[in-house]
Amino acid sequence: MRKKTKMIHAGITGDNQTGAVSVPIFQVSTYKQPEAGKHTGYEYSRTGNPTRHALETTIAELENGTAGFAFASGMAAITSVMMLFEPGDHIIVTDDVYGGSYRLMTRVLERFKLNYSFVDTSDLKEVKKAAQPETKAVFIESPTNPLLKITDINAVAAFTHSKKLKLIVDNTFATPYFQNPIDLGADIVVHSATKYIGGHSDVVAGLVVVNTEALAEELHFIQNSIGSILGPQDAWLLLRGIKTLGIRMEAIESNAQHIANFLMNHPDVAKVFYPGLVQHTGHEVAEKQTRGFGGMISFDVGSEEKADQVVDRVNYFTLAESLGAVESLISIPAKMTHASIPRSRRLMLGITDGLVRLSVGIEDIDDLIEDLAQALKSYE
Ligand SMILES: *Cc1c(COP(=O)(O)O)cnc(C)c1O
């Protein structure tokens, strides 16, 4: 099955009993048992729900894994994955990892004695250098936020396999349409499905896919024990979002390529970060491991004032956090998503005051470029 067909036909897509071509929303908590202690596959909706199960089966197939799990949010998904580890374990993490993941790891999970090294995982030497006897996993994001740094997943996987470490990839930015980390050697894939998979800024959800039965059993035990599950209505919204993930990502990427080229040629833009540009440091690796470069672009306009001007003047880019939806969004990472990081560390990571981030949507490209052109114009 080819990619675009898979978005429509993978997993569980309808209802055998009625012939409904859309999976019903099973708004139910418990299930009638034929006799005490026997059940029909479902006994209680925390343990399993048919709508959630349809979504979990679908994401597992999209990521070429053994089993999928749906959670109440991306953070609930990542927290549940972290529960696979034990006090004293050490995990190597991408240094510009999503802010919420950084907060979870450093402010919540450190209480349970999980230890971390945050390193530039786009440099394999840094990953190797950070390994300790207690290291149990490497957690990477590729591309990262907001500088779209690319980690060579295959190369890191070769290292984690040789050391018997788990490789966890947050695949939110690339989506299962453009990148499949399990095919590249990852053990666990996580998604904030709030972003591209949902795709319409109307649901908060997280997904996990694992590549072995043993991990599947363990993660199901954790999901059922913690209860961090996704409800049936939201599971259904994701099933609906997945149907158009392929065409949305292609439309988004085409728009993003045009915008990246426009920004590259703009005299007031000092630097553009987009993996689809040959000038981008991770371009070659991105080209090797993904089928597309996605819809996130960051660019530096040189100063806080100019960045303020741009976000103030745009008409079709909504000033908002989050990303991955049909509508274009704009943000200033230093003041919004990355404001909690001290300025000195922000600058060290390359997140300057003049950095503007776009989540490109599926509007008409001419409107988007005209809009950015008028917003960038200087009136001295
Ligand atoms: C948004 C996001 C998360 C967190 O997901 P929520 O659904 O907001 O809990 C994790 N990782 C990345 C890369 C994200 O963009």
Side-chain angles (χ1 to χ4, degrees), residues 55 59 63 68-83 91 93-109 116 118 121-122 138-151 153 168-179 181 186 188-209 223 226 228-231 234-235 237-238 241-242 245 249 252 273 275 282 286 290 293-298 320-325 329-331 333 336-341 349 351 357-360:
L55 171 65
I59 191 65
E63 286 288 14
F69 300 91
F71 295 93
S73 67
M75 289 324 302
I78 293 169
T79 303
S80 302
V81 166
M82 288 298 158
M83 293 294 126
I91 301 166
V93 184
T94 298
D95 56 3
D96 55 349
V97 69
Y98 175 72
S101 304
Y102 184 78
R103 179 176 57 194
L104 170 75
M105 291 170 187
T106 56
R107 302 205 25 215
V108 181
L109 296 177
Y116 307 91
F118 295 93
T121 55
S122 68
V138 177
F139 184 109
I140 63 174
E141 246 174 70
S142 183
T144 63
N145 175 26
L147 296 175
L148 291 312
K149 279 208 264 183
I150 305 292
T151 290
I153 299 174
I168 306 163
V169 179
D170 183 334
N171 202 30
T172 300
F173 272 39
T175 81
Y177 187 68
F178 281 150
Q179 177 168 279
I188 302 174
V189 177
V190 302
H191 283 284
S192 169
T194 311
K195 316 294 167 52
Y196 289 106
I197 292 177
H200 295 74
S201 303
D202 54 12
V203 61
V204 173
L207 296 169
V208 177
V209 178
Q223 184 193 39
I226 295 177
S228 48
I229 50 159
L230 189 66
D234 288 346
L237 279 170
L238 294 190
I242 286 168
L245 183 63
M249 291 319 294
I252 283 171
F273 301 88
T290 66
F293 303 108
M296 299 303 296
I297 302 172
S298 292
E321 295 191 2
S322 196
L323 59 109
L329 302 179
I330 193 165
S331 67
M336 297 168 69
T337 47
H338 293 66
S340 62
I341 301 172
L349 292 171
I351 304 165
R357 189 190 80 173
L358 302 178
S359 169
V360 177

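Numbers here simply count residues along the sequence, with the first being 1. All ligand and atom numbering here is 1-based and tracks the order in the structure.
Of all the atoms in ligand 1, the ones that sit under 4.0 Å from a non-hydrogen atom of S73 are 7 (O), 9 (O). Within ligand 1, the atoms closer than 4.0 Å to a non-hydrogen atom of T194 are 6 (P), 7 (O), numbered from 1 in the order shown. Short contacts between ligand 1 and M75, defined as distances under 4.0 Å to a heavy atom of the residue, involve ligand atoms 4 (C), 5 (O), 6 (P), 9 (O). Of all atoms in ligand 1, listed by their number and element, those nearer than 4.0 Å to a heavy atom of G74 are 5 (O), 6 (P), 7 (O), 9 (O). For ligand 1, the atoms sitting less than 4.0 Å from at least one non-hydrogen atom of E141 are 13 (C), numbered in the order shown with element in parentheses.
Summarising the geometry of E141 relative to D170, their closest heavy-atom pair is CG-CB, 3.5 Å, with the distance given to 0.1 Å. For the pair T194 and V203, the tightest heavy-atom approach, listed with the atom from each and the gap, is CG2-O, 3.2 Å. Heavy-atom minimum distance, L238 versus G198: CD2-CA, 3.7 Å. A pairwise comparison of heavy atoms in I351 and H338 identifies CD1-CD2, 3.6 Å as the closest pair. Here the shortest heavy-atom pairing between A72 and A76 reads N-CB, 4.0 Å.
Looking only at protein heavy atoms, the nearest one to atom 4 (C) of ligand 1 is Y98 CE2, 3.4 Å. At the top of the distance list for atom 11 (N) of ligand 1, counting protein heavy atoms only, stands D170 OD2, 2.7 Å. For atom 14 (C) of ligand 1, the nearest non-hydrogen atom of the protein is K195 NZ, 3.0 Å. Looking only at protein heavy atoms, the nearest one to atom 5 (O) of ligand 1 is S192 OG, 3.0 Å.
At least one heavy atom of A205 lies less than 4.0 angstrom from ligand 1.
Considering D96, T151, T121, T94 in turn, D96 is the only one that fulfils the side-chain hydrogen bond (donor to acceptor under 3.5 Å, both in side chains) rule with T144.
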Worked check of side chain to side chain contact (heavy atoms under 4.5 Å, CB included) between Y102 and V93: CA-CA 9 Å; Y102 184 78; V93 184; over 6 Å; no
